[in-house]
Every structure is written in C-alpha cells, then in structure tokens.
Number of protein chains: 2
Amino acid sequence: MKKSNITTLEQFKEKNYGKRGTKQRDELETGYENFKIGALIHEARLKKGLTQEQLAEKVGTTKSYISKIENNIKEVRLSTLQKIVELGLEGHLQLKIQL
Amino acid sequence: MKKSNITTLEQFKEKNYGKRGTKQRDELETGYENFKIGALIHEARLKKGLTQEQLAEKVGTTKSYISKIENNIKEVRLSTLQKIVELGLEGHLQLKIQL
DNA sequence: GCAAAAGTTTCACTAACGGACAACATTCAC
DNA sequence: GTGAATGTTGTCCGTTAGTGAAACTTTTGC
C-alpha cells in the first residue's frame, strides 16, 4: 500500500477532486458511448479512493471483472451498473434523454 | 390513424408537450430504476409522435421488442438503448453518477 | 533494487438474457 | 360493426454477461 503524508480518505479526495459539495467532486457524467462507461466508473472509483479489489468486494464480484469493465472489455448490464454505483460507490445512477 | 383538428406533427407535439426548446419538451430523465426506463422511452416516443413500429424500424428491431422494453418485461442492453435513442428518437443519451 | 500491492489478461464454463418471429388482443376511425 | 392500425404476449434460440481461479504485468513505497 502506498504511504503518503495524506492520512485520511477525505484528505485524499479533497486533494485530488476538490471539496465536498462541488460539482467536480460529486458528479460524473458522460454522453453515452460504450467505451466511456469504463472511464466513468474508473474515475468514480478513484474519487472514492477505492481499489478495484475493494470495489469488487462491496459489489460482490471480482477485481478481474471490474478491470474488464473499466477497460471496456465487457459491456455492463444496466442492472449491474446500478449495483456497482449504489453498493460499490454509494452513489446514484441517473439517465437522461435529450430529444 | 386518429384524425383531429391537428394537422402537423409539430402541432401535435406542441399541444401535448409544449414548445420546442423547453425542458418539458426536450428533456427526459430519471434516477435509474429498472422499471422506469420503459416509461422514459414510452414518453420520448410519444413526444416524437412515433408508433412502436415506426420506432422499431428506425432502430432496426421489432415492435414486439419495443413493447417489451416499454413495459419493462425485458431489460435493454446499453448499446441497444443508445441505438434506440440516437437512431430512433434522434436524441442523445446521457449517463450520470452522483457520488 | 526488492517486495508488496494493484491492476490486467487468459481460459474455461454456463445460466441468463436479449432479441426475433408469429399469433393474439386492443384501440380507433368511420 | 368492421377493418386497419397499433400494441401485447408466448415461444424459441444464440449470444454474452458474469464467475472463478490463476498467471502475469505494472506500479508503488522504501
């Protein structure tokens, strides 16, 4: 495990993604493209300061699967994506259609 | 086809969903839940004044499948949802994660 | 440089699901 | 009521999302 002068998760997140409550810190969005979902999850995971293994455990899957999703090797099912976001990232998934 | 005093599609859409450019007319969003995606597509389709069959044809699928999606009998694949939104509804799909 | 942690890739496997097709039901205009 | 248009439902099948474990590579701390 990497050691640094940062001791709390909050410090980590604030340093890398700004203070809590800012859009930059709390919100991640993308126009949908297959190959961007991986990046979305990847970023969200880092913002939460989690390793793939930790995320996997919270969701009830394996780190190898998380890796494949982040690298867009497997397409995620919407229901699985929801599990990852809600259980793993403790966030909320939102869907928007612009006509 | 139902006949009425409305003669153009634009009139239909304006009457039922407001003027172009308004949020009410152009935007549909939902916190992700399985059973809400159907309603989202259903609403978007009506806003566009399309039948299930017309939508299906534009996307390259069948009306029976569209029906099942709208009624939440089948979960849509993300890639298929994208096709429906972009090809069928001529809209744009957006995905957001709230942490 | 070394070791440990984190991430990637491969392989084998299969239950579950997406999506097609055709038949059926409903709604609507007249 | 009747017929045409629209929407729903049952059945079926090929594809694939997801598992699990192991081997491998990259990154990191010291």
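Residue numbering restarts at 1 for every chain, and letters A, B, ... go by the order of the sequence lines.
Side chain of B:K58 to backbone of B:G88: a donor-acceptor contact under 3.5 angstrom is found. Checked by atom type and distance alone, the side chain of A:Q98 never pairs as donor or acceptor with a backbone atom of B:L93 at under 3.5 Å.
In this structure, A:H42 places its NE2 atom 8 Å from P of C:dT8, rounding to the nearest Å. Distance CG (B:L46) to C1' (C:dT27): 14 Å, rounded to an integer number of Å. Spacing between atom CD of A:E53 and atom P of D:dT27 amounts to 18 Å, rounded to whole angstrom units. Atom CD1 of B:I84 and atom C1' of C:dG19 are 11 Å apart (whole Å). B:I73 places its CD1 atom 15 Å from the P atom of C:dA20, with the value rounded to the nearest Å. For the pair B:I69 CD1 and D:dT8 P, the computed distance is 12 Å after rounding to whole Å. The separation between A:E70 atom CD and C:dA6 atom C1' is 11 Å, rounded to whole Å. Following rounding to the nearest Å, B:Q52 (CD) and C:dT26 (P) show an atom-to-atom distance of 15 Å.
In this structure, B:L95 and A:L81 have side chains that are in contact, with non-hydrogen atoms separated by less than 4.5 Å. Taking the side chain as every heavy atom from C-beta outward, B:T51 and B:L55 never approach each other to under 4.5 Å. Side-chain contact check for B:K48 versus A:L99: some heavy-atom pair is nearer than 4.5 Å.
A sub-4.0 Å separation between OP1 or OP2 of C:dA6 and a side-chain N or O of A:R45 is absent. Remark: A:Y65 is in phosphate contact with D:dG18, judged by side-chain N or O atoms under 4.0 Å from OP1 or OP2. Contact annotation: B:N71 does not reach the phosphate of D:dG7 (side-chain N/O to OP1 or OP2, under 4.0 Å).
Below the 3.5 angstrom threshold, one finds a donor paired with an acceptor across the side chain of B:S64 and the base of C:dC21.
Set against D:dT6, C:dT8, C:dA20, the side chain of B:T62 has C:dA20 as its closest nucleotide. Picking from D:dG7, C:dA6, C:dT9 the nucleotide with the shortest atom distance to the side chain of A:S67 gives C:dT9. The side chain of B:T80 sits closest to C:dG18 out of C:dG18, D:dG7, D:dT19.
Summarising the local packing, CD of B:Q82 is surrounded by more than 12 heavy atoms from other residues, nucleotides or ligands at distances under 6.0 Å. Heavy-atom neighbours of B:E86 CD from other residues, nucleotides or ligands within 6.0 Å: above the threshold of 12.
With hydrogens and angles left out, the side-chain atoms of B:E70 and B:H42 include a donor and acceptor closer than 3.5 Å.
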What's touching nucleotides 11-16 of chain D from the protein side, N or O pairs under 3.5 Å?
| residue | atom | partner | partner atom | Å |
| --- | --- | --- | --- | --- |
| D:dT11 | O4 | B:K68 | NZ | 3.3 |

*For A:E29 and B:Q94, what are the C-alpha separation, side-chain angles and deciding distance, and is it a side chain to side chain donor-acceptor pair (under 3.5 Å)?*
CA-CA 7 Å; A:E29 57 184 304; B:Q94 208 166 349; 2.6 Å; yes
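Each of A:T80, A:L89, A:I84 was scored for a side-chain contact (heavy atoms from CB on, under 4.5 Å) with A:V59, with one residue passing: A:I84.
If you check every strand for non-hydrogen atoms under 4.0 Å, A:I66 touches nothing. Residue B:T61 is in sugar-phosphate contact alone, with no base atom involved, counting any heavy-atom pair closer than 4.0 Å across all strands shown.
Between the axis at the start and the axis at the end of the helix from C:dG1-D:dC30 to C:dC30-D:dG1 there is an angle of 70°, using five pairs per end and rounding to 10 degrees.
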